[in-house]
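Single-structure report; data block below.
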Protein chains: 2
Amino acid sequence: MNKNEPSENETGTTGTDFMHGLAIDAVIFGFHDHQLKVLLMRYNKTGVVALPGGFIHKTENLNDAANRIVSERTGLKNIYLEQFYVFGDYGRSDPRPMKDILIANNITHDDNHWLLQRFISVGYYALVDFTKVVPKPDTIFDSCAWYDLAIIPKLMQDHNTIILKALASLRTDLDNKLIAFNLMQEEFTLGDLQILYETILDKKLLRPAFQRKMLSLGILERVAKKWTGAAHKAPYLYRFSKNI
Amino acid sequence: MNKNEPSENETGTTGTDFMHGLAIDAVIFGFHDHQLKVLLMRYNKTGVVALPGGFIHKTENLNDAANRIVSERTGLKNIYLEQFYVFGDYGRSDPRPMKDILIANNITHDDNHWLLQRFISVGYYALVDFTKVVPKPDTIFDSCAWYDLAIIPKLMQDHNTIILKALASLRTDLDNKLIAFNLMQEEFTLGDLQILYETILDKKLLRPAFQRKMLSLGILERVAKKWTGAAHKAPYLYRFSKNI
DNA sequence: TCAAAAGTGTTCGTGATACACCCATGT
DNA sequence: ACATGGGTGTATCACGAACACTTTTGA
């Protein structure tokens with residue numbers, strides 16, 4: 001018998017076989033109402049809150065698994081994903097919350113159940129258009145919702161640390177890669193974009209400098225239409241130019 | 001019976017238990033004779049060449065495992081290590097070379113042997129002082145030696161890709177983090193350091209600009225002693241200043 | 001007409017680029 | 001003396017910081 005072949009249903013979901021000892025945790029960032037948001041799962045019976053995550057099928061590419069996991073929670077396709085760190089400390093895997101969840105779900109298990117073993121987790125962060133996301137709970141966590149980055153509760157295991165590291169990675173990537181647009185809707189003003197940058201970097205930026213910098217990148221396309229609304233000059237709308 | 005408990009010796013080494021499906025591959029960079037070098041393992045019977053690598057003990061921190069693996073091959077302690085990417089494509093694990101090695105080592109196995117399963121590998125790069133390294137083979141690979149980065153042979157699995165990605169990471173980190181000094185001996189001239197930078201970045205740098213940039217970082221300490229040797233002005237020796 | 005925010009012009013300072021020059025040293 | 005490479009001085013340019021000014025819009 002192949003000891004890598006599971007002899008039981010591995011979660012409440014299906015009997016599909018996953019790699020053991022390895023997981024994916026996803027920090028899904030969204031931006032709304034001048035605030036950075038993170039998508040979190042909550043298991044209401046026990047109150048455990050955790051990052052969306054999942055496992056890798058035995059014949060699945062790691063990056064495909066990350067895409068699948070984020071797609072399942074958001075309902076989106078073609079998501080911007082970035083691997084940022086592997087969390088591999090032995091002590092990070094406190095089996096207690098998972099055990100509570102198994103008990104509450106009436107999943108038969110003993111202390112050697114694979115979900116109670118030590119896990120190493122690959123951290124991904126995703127940037128999504130907040131307005132397009134339809135959060136979907138999974139079979140274990142019965143709630144999936146946006147949390148303001150400023151008021152994240154105590155999360156399962158080291159997930160608070162993972163979020164901090166994801167944010168740090170996002171900040172350093174922001175200047176090097178051109179990824180902020182993934183957090184915006186198709187059309188946006190430079191003012192909106194500046195607020196996003198200021199929120200992520202947590203500091204004020206100078207408007208003239210910011211505008212020139214963004215426009216000099218040559219990846220923004222000015223849309224002929226203009227904004228309508230308030231008592232001041234109408235800003236231009238821009239869209240990210242796909243044809244580089 | 002605990003299916004995670006191995007029922008056999010897992011390598012030729014010892015009976016210690018490793019996590020399955022997860023490995024570490026290390027790109028160990030050295031600098032010598034105006035060339036970037038990489039430490040590679042070669043199994044002479046089959047001619048397979050591979051990156052130094054290893055597995056994670058079931059109760060070991062991931063980063064500790066990386067340190068251990070690099071220490072075992074180099075004989076060094078306190079090595080500069082950086083996690084840079086996780087290689088997780090399903091197709092990356094061609095079992096053929098490992099099978100040949102097992103056969104040549106007279107290790108009993110069937111096709112379900114854990115070393116022949118699919119592996120996801122965490123990539124680390126290490127920066128070491130070439131002159132201090134004493135390369136040590138392991139129980140499987142009977143040679144461990146420096147290879148010029150410009151002439152790397154075809155390696156096992158996707159290890160050539162891993163090296164390329166490590167080099168790319170090293171290049172981007174070079175400007176952001178202050179890590180080049182890990183590749184130098186304790187005392188060095190600015191000329192030496194410039195050659196190192198030029199080699200890594202693969203482009204010429206302007207001497208005056210480079211010197212001012214390095215000195216303006218405020219992390220170099222000029223040593224009173226001077227060089228002795230050739231028919232020109234003696235350059236100053238510097239050392240990396242630990243007291244930032 | 002005025003307030004508010006968008007967009008542009010201009011000055012200033014820093015740091016990189018590029019080149020010139022002087023310094024120390026062995027042959 | 002002189003070739004060789006190390007170290008420094010200096011002019012120029014590019015870019016961001018900082019601020020001023022004009023433009024557009026609704027009340």
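Computed over heavy atoms, backbone and side chain alike; hydrogens, waters and symmetry mates excluded. To find a chain, count down the sequence lines: A is the first, B the second, and so on, and within it residues start at 1.
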_Students often mix this up, so state it plainly: with edges at 30° and 60°, are the rings of B:Tyr43 and B:Phe141 parallel, tilted or perpendicular?_
perpendicular

*With DNA chain C as reference, determine whether B:Pro208 or B:Ser216 sits nearer its 5' end, using the nearest nucleotide of each.*
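The residue closer to the strand's 5' end, by nearest nucleotide, is B:Ser216.
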
Nearest-angstrom distance from the residue atom [atom1] of [X] to [atom2] of [N]:
X	N	atom1	atom2	answer
B:Arg222	D:dG7	CZ	P	7 Å
A:Gln194	C:dG7	CD	P	11 Å
B:Ile195	D:dG5	CD1	C1'	11 Å
B:Leu206	D:dT10	CG	P	19 Å
A:Arg207	C:dT8	CZ	P	11 Å
A:Arg212	D:dG16	CZ	C1'	9 Å
B:Lys204	D:dG5	NZ	C1'	13 Å
A:Leu215	C:dA6	CG	P	14 Å

*For B:Tyr124, the option from B:Asp25, B:Leu62, B:Val27 that meets side-chain contact (heavy atoms from CB on, under 4.5 Å)*: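 It is B:Leu62; the other options fail the test.
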
*Partner of A:Phe188 by side-chain contact (heavy atoms from CB on, under 4.5 Å), out of A:Leu220, A:Val223, A:Leu196, A:Leu237*: A:Leu220

*Compute both the distance and the angle, then confirm whether B:Arg222 meets the cation-pi test with B:Tyr236: under 6.0 Å from the six-membered ring centre, within 45 degrees of the axis.*
yes

Starting the side chain at C-beta, find the nucleotide from [options] nearest to [X].
X	options	answer
B:Ala234	D:dT25, C:dT25, D:dA18	C:dT25
A:Pro235	C:dA18, C:dA24, C:dG7	C:dG7
B:His232	D:dG5, C:dG7, D:dA18	D:dG5

_First encountered from the 5' end of DNA chain D, between B:Gln211 and A:Ala209_ = B:Gln211

